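Worksheet: the structure to be examined is printed underneath.
The model shown is predicted, which means the values in this text are computed figures rather than measured ones. Convention: sequence-line order gives letters A, B, ...; per-chain numbering from 1.
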Number of protein chains: 2
Amino acid sequence: MKASEELRYAILALQREGNRALIGALKPIGVTPAQAEVIRVLDQYEPLTLAGLGDLLICESGTGPSRLVDRLVAQGAVLRTVSATDRRSVTIMLTPSGRELSRAIAGVENALYETIDAAAAGQPVEALLALARIMLAGTPAGTALAQRAG
Amino acid sequence: MKASEELRYAILALQREGNRALIGALKPIGVTPAQAEVIRVLDQYEPLTLAGLGDLLICESGTGPSRLVDRLVAQGAVLRTVSATDRRSVTIMLTPSGRELSRAIAGVENALYETIDAAAAGQPVEALLALARIMLAGTPAGTALAQRAG
DNA sequence: CGACAATATATGACACGACATGCAATTGCA
DNA sequence: TGCAATTGCATGTCGTGTCATATATTGTCG
């Protein structure tokens with residue numbers, strides 16, 4: 001198998017296995033990985049419009065994460081209000097319950113990052129991130145990641 | 001942002017962007033990335049049972065890729081017959097039309113791999129693959145990848 | 001031989017993820 | 001001012017991806 005082919009499937013496999021692990025870890029909290037990302041982004045960047053949120057999400061939902069936010073509103077984690085200055089756009093913020101969720105999610109994520117650090121110990125992770133930045137240059141997900149990575 | 005956190009989101013972003021690109025490239029052929037993977041695996045390993053196919057897929061579909069195969073049967077790319085020796089299991093094979101699809105998919109994939117090679121030129125791809133193998137050790141997707149990588 | 005566990009697959013339910021379309025509010029420009 | 005283009009969001013549709021459950025067939029053990 002070519003290196004580039006194995007690379008493609010390795011990325012797919014890592015995403016799948018990581019996501020499955022994250023689903024299990026987040027289950028006691030009652031959120032999915034996509035919902036967790038929204039909550040964590042809001043905790044750091046709120047208030048955001050729907051489009052602004054979409055620009056910061058890696059798991060960006062095409063035209064806008066309307067339905068993703070729908071479910072978070074339904075479970076009381078975020079507040080969605082029509083903007084006063086532009087009645088087309090909506091302002092999205094965490095509720096107190098959502099901020100509490102964010103702290104719980106942060107705990108799960110930190111445990112995950114320790115697992116990753118242990119598995120990647122002694123490996124050239126920085127070089128891999130450099131490769132990722134090259135391949136993601138100019139893409140929406142790459143832009144979102146660059147902005148959030150600071 | 002921690003390196004492990006950026007690594008997690010980089011993997012997610014790479015998978016998303018790569019998948020979007022692949023969707024577009026496969027659209028003229030009329031198959032999705034998941035369907036393309038099934039066809040390519042079958043072309044190399046047929047005949048397979050449903051469980052055997054699932055063990056070789058990176059995009060493994062939990063209890064079995066029944067519905068994924070359903071659509072390929074519906075569009076005439078694969079043949080699904082009940083096994084003679086064990087009437088519980090199913091034998092899956094490509095039709096001539098499916099083999100033709102496989103060749104078209106191979107062309108799209110090769111173009112993708114050239115793009116990847118160009119973007120990754122001079123980067124430590126082997127190191128990334130080594131890291132991936134470590135992190136995927138013991139997982140279903142990792143086992144599938146190891147077997148297919150030969 | 002007969003109950004019972006194990007196996008292979010199918011199916012229902014829910015939440016994405018991507019694309020296309022539709023609608024209301026705003027902007028821009030003659 | 002009037003009206004078309006644009007913007008921001010919602011929604012419909014399709015195909016996964018994951019988990020739980022159901023069904024049929026086979027193997028096993030008393």
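In the region residues 47-57 of chain A, proximity to DNA chain D at under 4.0 angstrom, judged on heavy atoms, holds for A:Thr49, A:Leu50, A:Ala51.
If A:Pro33 and A:Thr85 are placed on DNA chain C by their nearest nucleotide, the residue sitting closer to the 5' end is A:Pro33.
Nucleic acid contact class of B:Ser66 (heavy atoms, under 4.0 Å, all strands): base. Note on B:Arg16: only backbone sugar-phosphate atoms sit closer than 4.0 angstrom, heavy atoms only; bases stay farther off. The residue A:Arg67 sits close to a base: some heavy atom pair falls under 4.0 Å.
Remark: B:Thr63 is not in phosphate contact with C:dT9, judged by side-chain N or O atoms under 4.0 Å from OP1 or OP2. Phosphate proximity of C:dC16 to A:Gln35: present, with a side-chain N or O under 4.0 Å from OP1 or OP2.
Of the inter-residue distances, the one linking A:Leu72 atom CG with A:Ser97 atom OG reads 10.0 Å to the nearest 0.5 angstrom. Of the inter-residue distances, the one linking B:Arg133 atom CZ with B:Leu129 atom CG reads 5.0 Å to the nearest 0.5 angstrom.
With rounding to whole Å, A:Arg88 atom CZ is found 16 Å from C:dG22 atom C1'. For A:Ile23 and C:dA13, the CD1 to C1' distance is 15 Å, given to the nearest whole Å.
Taking 4.0 Å as the cutoff to heavy atoms of chain B, we find the contact window on DNA chain D bounded by D:dG15 to D:dT26.
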